[in-house]
Participant: 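Have a look at the structure that comes next, please.
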Amino acid sequence: MMAHSAAGGFLEEQFRAVCAEFQKHELGGADWELLVDTLGIKVFRLRNQQSGLYEYKVFGVLEDCPPDVLADVYMDLNYRKQWDSYVKELYEEECDGKNVVYWEVNYPFPMSNRDYVYIRDCRELDWEGQKVYVVLAKSVEVPQFPEKSGVVRVKQYKQSLALVSDGKKGSRGIYFALVYGYM
């Protein structure tokens with residue numbers, strides 16, 4: 001498996017909780033709003049009543065994409081810079097024993113750019129007889145990445161991703177669940 005690790009930023013229980021949620025494909029009883037339902041992909045959102053920000057859940061199937069390959073692509077920051085035209089800056093740096101990602105996103109005028117400072121980890125788990133790749137990410141504050149003037153810092157970012165073979169086509173397709181939003 002890949003050697004991507006955030007050096008102690010997440011607990012084993014957090015990875016297992018993502019597997020459990022993924023297996024259920026449930027929305028947790030809250031008032032999730034369906035935004036998109038097309039081509040085997042469903043996108044839901046939930047408004048945080050206190051902050052006014054949204055959390056999103058995405059469930060779907062991707063054909064002809066093995067889960068280990070997608071996990072590697074997902075964790076490859078250099079590759080993202082090649083295909084994501086919104087990336088202004090994106091790199092990883094060790095801070096206090098943790099690998100911390102800095103990501104500045106270009107936003108069109110009149111909006112200000114956003115930046116994220118976060119840790120992430122990708123693990124391969126055996127979940128009820130299936131190999132599941134789980135990625136977790138969350139915002140952190142470290143002095144090595146001070147806020148920049150004119151850029152809006154996203155301070156409460158969180159994300160989880162689960163990838164598992166769909167069992168068809170020789171494990172070439174995957175089921176996935178992606179949750180991202182703000183804590």
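Since the structure is predicted, the reported quantities are computational estimates derived from the model, not experimental observations.
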Participant: Can a donor-acceptor pair be found, under 3.5 Å and without considering hydrogens, that links the side chain of Lys138 to the backbone of Gly9?
Facilitator: yes
Participant: Taking the side chain as every heavy atom from C-beta outward, state whether Lys57 and Leu46 have any pair of such atoms under 4.5 Å apart.
Facilitator: no
Participant: Looking at side-chain heavy atoms only, is the closest gap between Leu77 and Trp103 below 4.5 Å?
Facilitator: no
Participant: Answer yes or no: is there a donor N or O on one side and an acceptor on the other, between the side chain of Arg120 and the main chain of Met75, under 3.5 Å?
Facilitator: yes
Participant: Test Asp76 against every option in Asp72, Val73, Asn78 by the side-chain contact (heavy atoms from CB on, under 4.5 Å) rule and name the one that passes.
Facilitator: Asn78
Participant: For Lys148, look at atom NZ and say whether over 12 heavy atoms of other residues, nucleotides or ligands are found less than 6.0 Å away.
Facilitator: yes
Participant: Looking at CG of Leu90 and CG of Asp115, how far apart are the two atoms once the value is rounded to the nearest 0.5 Å?
Facilitator: 11.5 Å
Participant: Indicate the atoms forming the closest heavy-atom contact of Arg123 with Phe10, along with that distance.
Facilitator: NH2-O, 3.6 Å
Participant: How far does NZ of Lys98 sit from CD1 of Ile119, to the nearest 0.5 angstrom?
Facilitator: 4.5 Å
Participant: Any heavy-atom pair between the side chains of Leu35 and Tyr56 that's under 4.5 Å?
Facilitator: yes
Participant: Is Cys122 close to Val135 at the side-chain level, that is, under 4.5 Å between some pair of heavy atoms?
Facilitator: yes
Participant: Are Tyr118 and Gln159 close enough that some pair of their side-chain heavy atoms sits under 4.5 Å apart?
Facilitator: no
Participant: Check for a donor-acceptor pair, side chain of Lys81 on one end and backbone N or O of Val87 on the other, with a separation under 3.5 Å.
Facilitator: no
Participant: Any idea how Tyr91 and Tyr102 line up, ring-wise: parallel (<30°), tilted (30 to 60°), or perpendicular (>60°)?
Facilitator: tilted
Participant: Might you point out which heavy atoms bring Leu163 and Pro67 nearest each other, and give the distance in Å?
Facilitator: CD1-O, 3.7 Å
Participant: If you round to the nearest 0.5 Å, how far is CZ of Phe145 from OH of Tyr116?
Facilitator: 16.0 Å
Participant: Kindly say whether Tyr107 contributes a backbone atom to a donor-acceptor pair with the side chain of Asn113 at under 3.5 angstrom?
Facilitator: yes
Participant: Would you say Arg153's side chain and Pro146's backbone share a donor-acceptor pair under 3.5 angstrom?
Facilitator: yes
Participant: Output, in order, the C-alpha distance, side-chain angles, deciding distance and verdict of side-chain contact (heavy atoms from CB on, under 4.5 Å) for Lys42 and Leu34.
Facilitator: CA-CA 7 Å; Lys42 292 184 179 185; Leu34 178 64; 4.2 Å; yes
Participant: Do Val100 and Glu93 come within less than 4.5 Å of each other through their side chains, counting heavy atoms only?
Facilitator: no
Participant: State, yes or no, whether a side-chain contact exists between Val36 and Ile41 at a heavy-atom distance under 4.5 Å.
Facilitator: no
Participant: Roughly how far, to the nearest 0.5 Å, is CG of Leu161 from CG of Leu70?
Facilitator: 6.5 Å
Participant: Measuring from Lys131:NZ to Leu125:CG, what's the distance to the nearest 0.5 Å?
Facilitator: 11.5 Å
Participant: Counting C-beta onward and ignoring hydrogens, is there a side-chain heavy-atom pair between Met111 and Val152 closer than 4.5 Å?
Facilitator: no
Participant: Within this structure, what is the OH-CD distance for the pair Tyr133 and Glu124, rounded to the nearest 0.5 Å?
Facilitator: 4.0 Å
Participant: Do Val151 and Val117 share a hydrophobic cluster (ILVMFWY, side-chain heavy atoms under 4.5 Å, transitive)?
Facilitator: no
